[in-house]
Amino acid sequence: MSANGTKKHVATYTADDPTQISSILQGGYHHPLLRQWQMEKQLTKTALIYPLFITDDADEETEIPSLPKQKRWGVNKVVPYVGTLIAKGLKAVILFGVPLKDGTKDPYATSADDPEGPVILTIKALAAAYPDLFIICDVCMCEYTSHGHCGILREDGSILREESVRRLAAIAVNYAKAGAHCVAPSDMVDGRILAIKRGLLDAGLAHKCMLMSYSAKFSGNLYGPFRDAAGSAPSFGDRKCYQLPPGGRGLARRAIVRDLAEGADAIMVKPSTFYLDIISDAAELAKDVPICTYQVSGEYAMLHAAAEKGVVDLKTIAFEAAYGCLRAGASLIITYFTPDFLEWLDEN
Ligand code: PBG
Ligand code: ZN
């Protein structure tokens with residue numbers, strides 16, 4: 001009612017009731033561009049790292065049944081393939097070696113840094129063909145050991161720490177010598193960040209090779225398709241005594257702090273979607289270094305399986321998962337969806 005008693009149109013929300021005005025949120029996201037503006041961090045092509053499986057048959061190009069749309073590549077085939085992705089905006093890859101020839105595996109992972117082995121040949125070939133491509137190497141022994149574990153073992157099957165970190169450091173240094181811009185140890189043996197950093201320093205390479213630690217890597221049920229692809233399943237036992245227990249948030253926090261102190265230049269959390277709290281812990285504990293998360297093979301395969309069943313739409317769910325990682329605090333994502341994202345990001 002106005003002062004003279006006539007009935008006037010009254011706006012539902014009035015200036016003297018600011019809570020109600022601010023309750024209208026939709027003005028902030030009614031337009032597609034606004035929905036992008038609402039993100040603290042946007043998904044960009046520079047945030048994506050693509051995992052590649054490289055075999056020791058130079059001409060191989062084989063589909064991996066448990067990892068939809070992913071292949072095992074020989075060096076001759078992977079170089080042109082990566083070129084097609086670079087043309088779409090790919091900036092970074094992470095390499096995994098998959099030795100398939102007989103007699104390449106032993107208890108010391110000798111073939112991991114074979115100068116004629118798939119990883120070192122591929123680092124060199126990619127670096128020569130694409131000088132701007134950022135090349136990361138996963139550093140681990142499980143693809144190369146006869147027993148399939150990530151370090152050198154005692155007779156009782158437990159990890160011999162000192163011998164293992166010495167060997168891991170040697171492997172990492174040899175990848176850096178071959179031209180890797182970043183080494184990323186995924187073995188989870190205590191003390192390997194310090195050993196690798198010292199190795200890089202001694203070799204005069206610490207200033208041109210980033211050390212990205214898989215600090216918070218959990219043991220769980222999500223690496224199956226990778227182990228199929230890489231032939232790296234342990235021949236006995238499991239990895240529960242070196243990869244972190246899924247409930248071990250405190251252990252993850254300690255590992256992140258420890259690895260930073262040992263000289264890590266970047267921190268990784270793996271897997272991704274099931275560990276968003278750990279990503280946010282990492283962003284808080286390691287706020288001065290890049291935080292990366294690995295959307296692992298099992299996560300990727302599950303999203304594909306769900307899409308095939310009609311439970312989700314693949315593109316939408318892939319973005320939703322990536323946004324979750326960014327929101328939690330990651331700025332880099334290793335994902336098998338990278339080739340798709342390079343196309344999808346152009347469509348948006
Ligand atoms: C090697 C390694 C694994 C993964 C990355 N590096 C397998 C494992 O720890 O068993 C998993 C990646 C994925 O599942 O996509 N230690
Ligand atoms: Zn391993």
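Counting starts at 1 for both ligands and their atoms, in listed order. Being a predicted model, the structure only gives us computed values, none of them experimental.
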### Query
To which protein heavy atom is atom 5 (C) of ligand 1 closest, and what is the distance rounded to 0.1 Å?
Lys270 NZ, 2.7 Å

### Message
Just to confirm my output: which protein heavy-atom neighbour is closest to atom 2 (C) of ligand 1, and how far is it?
### Response
Lys217 NZ, 3.5 Å

### Query
Once the angle between the rings of Trp73 and Tyr81 is folded into 0 to 90°, is it parallel (under 30°), tilted (30 to 60°) or perpendicular (over 60°)?
parallel

### Message
Between Phe218 and Phe274, is the ring-ring contact (aromatic ring centres under 6.0 Å, His included) condition met? List the steps.
### Response
CA-CA 10 Å; Phe218 290 87; Phe274 291 79; over 10 Å; no

### Task
Show which atoms of ligand 1 fall inside a sub-4.0 Å distance from at least one heavy-atom site of Arg239.
8 (C), 9 (O), 10 (O)

### Message
For atom 15 (O) of ligand 1, which of the options Tyr223, Tyr300, Tyr242, Tyr336 provides the nearest non-hydrogen atom?
### Response
Tyr336

## Note on the structure
re atom 10 (O) of ligand 1, the protein heavy-atom contact at minimum distance is Arg227 NE, 2.5 Å

### Task
Would you mind checking which non-hydrogen protein atom is closest to atom 14 (O) of ligand 1, with the distance to 0.1 Å?
Ser297 OG, 2.7 Å

### Query
Numbering the atoms of ligand 1 from 1, which are under 4.0 Å from a heavy atom of Asp138?
6 (N)

### Query
Going by the atom numbers of ligand 1, which of them fall below 4.0 Å from some non-hydrogen atom of Phe96?
5 (C), 6 (N)

### Task
Measure up the Phe319 and Phe341 rings against each other and bin them: parallel (under 30°), tilted (30 to 60°), perpendicular (over 60°).
perpendicular

### Task
Give, for atom CE of Met188 and atom OG of Ser213, the distance between the pair rounded to the nearest 0.5 Å.
7.5 Å

### Query
Which bit of Asp187 gets closer than 4.0 Å to ligand 1, counting heavy atoms only: side chain, backbone, both or neither?
neither

### Message
Check whether Asp56 reaches the backbone of Leu100 with its side chain - one donor and one acceptor, N or O, closer than 3.5 Å.
### Response
yes

### Query
Taking the inter-plane angle between the rings of Phe53 and Tyr336 on a 0 to 90° scale, is it parallel (under 30°), tilted (30 to 60°) or perpendicular (over 60°)?
parallel

### Query
Do you know which two heavy atoms are closest between Leu34 and Gly28, and how far apart they sit?
CB-O, 3.4 Å

### Task
Any chance you could lay out the ring-ring contact (aromatic ring centres under 6.0 Å, His included) test for Tyr144 and Tyr108, step after step, and finish with the verdict?
CA-CA 8 Å; Tyr144 310 95; Tyr108 310 100; over 10 Å; no

#### Entry: Top protein contact for atom 12 (C) of ligand 1, by heavy-atom distance
Phe226 CD1, 3.3 Å

### Query
Within less than 4.0 angstrom of ligand 1, does Glu299 place any heavy atom?
no

### Task
Assess Lys69 against Tyr300: is NZ or CZ under 6.0 Å from the centre of the six-membered ring, and within 45 degrees of the ring's axis?
no

### Task
Output yes when the distance from some N or O of ligand 1 to some N or O of Ser232 is under 3.5 Å, and no in every other case.
no

### Query
So, is the end of the Lys217 side chain (NZ or CZ) under 6.0 Å from the ring centre of Tyr223 and within 45° of the ring's axis?
yes

### Query
Does His149 put an N, O or S atom under 2.8 Å from the Zn ion (ligand 2)?
no

#### Entry: Subset of ligand 1 atoms that lie under 4.0 Å from at least one heavy atom of Cys142
1 (C), 16 (N)

#### Entry: Vertex the Zn ion (ligand 2), rays to SG in Cys142 and SG in Cys150 - rounded to 10°
110°

